[in-house]
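Have a look at the structure below, then the notes.
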Amino acid sequence: MKNTMASFVWHPYTQMKDWPKFDVISKGRGMWLYDIHGNAMMDGVASMWCNVWGHSNKELTDSMIKQARRLQHSSLFNLTNDRAEELAEKLVKLAPGMHRVFYSDDGSTAMEISAKMALQYWYNKGEKKKTKFVSLENGYHGDTAGAMSLGYVPLFFSKFKPMLFPVLRTPSPNRYRIPNGYSFDDYQEFCLDKIEQILAKNDNIAAFVMESGAQIAGGVVIYPKGFQKKISKICKKYNVLLILDEIATGFGRLGSMIEYKDQESIPDIVSFGKMLSGGYLPLAATLATKKIYDSFLGEYKDMKHFFHGHTFTGNPLACAIALANISLYKKYNLISKIKKRAIQIQSRIKEISNLDLVGDVRHKGLLMGIELVSNKKTKDPVSPQKRLPQKIFTESKKNGIYQRTLGNIVMVIPPLAISEKELDFLLDGTIKTIKNVSAQI
Ligand SMILES: *Cc1c(COP(=O)(O)O)cnc(C)c1O
């Protein structure tokens, strides 16, 4: 249904010429979003992968209201606040090996902080030549300049290259698109060898940067078991810091609270975002080990302290919700529920793989990417002229679902607390959407 509101908003990643009007959402309840006319659709993307408990969760909103009445914001420059302190303690206890928490407002800034922290760590240690970064191809770490440099997705960022710094890149183990002549195991070894070669050859590497557990925005690449662990060993061997990005994959998305723990890899620096506040307010956190933190201590005149900060660093309102969010994980046993939902998804994979257009289905926890191709044998992508993203969006709306694609990949990324029945609705709708769209292609 068309809305009648005037629109002055410029939307992200959107050809505005195609979208003169948007559905105007004005209410959310549980898994459902409602537009101004009262039409409901299921939030099939967890409002850009961040929603945990559904919308308008009473325990979260109560914590927000209570905190807003006490203290809405006070700066972390020369002062601290009780909520930021409590949350930092909780996070350090949750995240093995971590010692201190640096707050920011979103995932991109958390990754800028990770990179600056790594650079200044080596600077403080007197190893000033260690200034370069290595990352996995098709990684994604956010949309600000440093984050774009680290996680270069060519389609998104080629226009901005003049403002990016150079980063060395190594191949990522996408099981669906392995070069000819390799088995998946061989290709994994090849990817690891490449990393080892680069780290062995260059003594100026500050850090290796990767998403923890899986790459999402770069094409839903789920790492094979042991891959991340081996990278963390290679980093240790060559005295290179490991920076992990758990902004989208930590806090339950892949079926673990702290994904690097499941991957048996301890980073030097790790960032959380998206689901940290349950998806209710912008908040991110970058955690560092004692080794990193201690290098920033010294006499004032040494200028070793971390030169970074934002207006809303450690915002108590966001921290209060994050505290409430974390307490609910335990109260409702969320991680074990996610594991049950993951089995539910697993039981439908075959059915989905058999659909026309479906080339590959990649899945872990409550993350699923369904890669659509024009030819299952040749794996040729669907041409952009077919306007697949628009068609998927339109058809899924008819099925009562807000769903998006990333390129040719249909994303199924629901709020983590989705029930069995609701997940069935989402999967049934997704299958129907793909069937209807393939009839049009
Ligand atoms: C979303 C995302 C980011 C960026 O977070 P924003 O809050 O959008 O700035 C960084 N890394 C990963 C893996 C993400 O999925």
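Computed from a prediction, not measured in an experiment: that's the story for all the values here. Numbering of ligands and ligand atoms starts at 1, following listing order.
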If the threshold is 4.0 Å, N to carboxylate O, is there a salt bridge linking Asp23 and Lys397?
yes
Of all heavy-atom pairs between Trp49 and Arg253, which one has the smallest distance, and what is that distance?
O-NH2, 3.8 Å
Contact atoms of ligand 1, heavy-atom distance to Ala248 under 4.0 Å:
15 (O)
Ranked by distance from atom 5 (O) of ligand 1, the top protein heavy atom is Gly107 CA, 3.1 Å
Compute the minimum heavy-atom distance from Ile216 to ligand 1 and say whether it is under 4.0 Å.
no
Of the side chain and backbone of His141, name the one, both, or neither that has a heavy atom under 4.0 Å from an atom of ligand 1.
backbone
So which atom in Leu287 and which in Ala95 form the shortest heavy-atom distance, rounded to 0.1 Å?
CD2-CB, 3.7 Å
Regarding Glu59 and Asn325, is there a side-chain donor-to-acceptor distance under 3.5 Å anywhere?
no
Please indicate whether any nitrogen or oxygen in Met111 is less than 3.5 Å from any nitrogen or oxygen in ligand 1.
no
Is it true that Asp35 and Lys27 make a salt bridge, defined as a side-chain N closer than 4.0 Å to a carboxylate O?
no
Residue portion contacting ligand 1 (non-hydrogen atoms closer than 4.0 Å) for Lys274:
side chain
Under a 4.0 Å heavy-atom limit, does Tyr140 contact ligand 1 with its side chain, its backbone, both, or neither?
both
Under 3.5 Å between any N/O of Ser108 and any N/O of ligand 1: does that happen in this structure?
yes
Can you name the atoms of ligand 1, numbered from 1 with element, that are less than 4.0 Å from a heavy atom of Gly142?
4 (C), 10 (C)
Please list, in number order, the atoms of ligand 1 under 4.0 Å from a heavy atom of Asp106.
7 (O), 9 (O)
Over all heavy atoms of both residues, which pair between Tyr103 and Ala84 is shortest? Give the atoms and the distance, please.
OH-O, 2.7 Å
Between Glu196 and Lys237, does any side-chain N to carboxylate O distance fall below 4.0 Å?
yes
Protein heavy atom at shortest distance from atom 11 (N) of ligand 1:
Asp245 OD2, 2.7 Å
Distance under 6.0 Å and angle within 45° of the ring axis: does Lys379 meet both against Tyr176?
yes
Atoms in ligand 1 with a heavy atom of Trp49 nearer than 4.0 Å
15 (O)
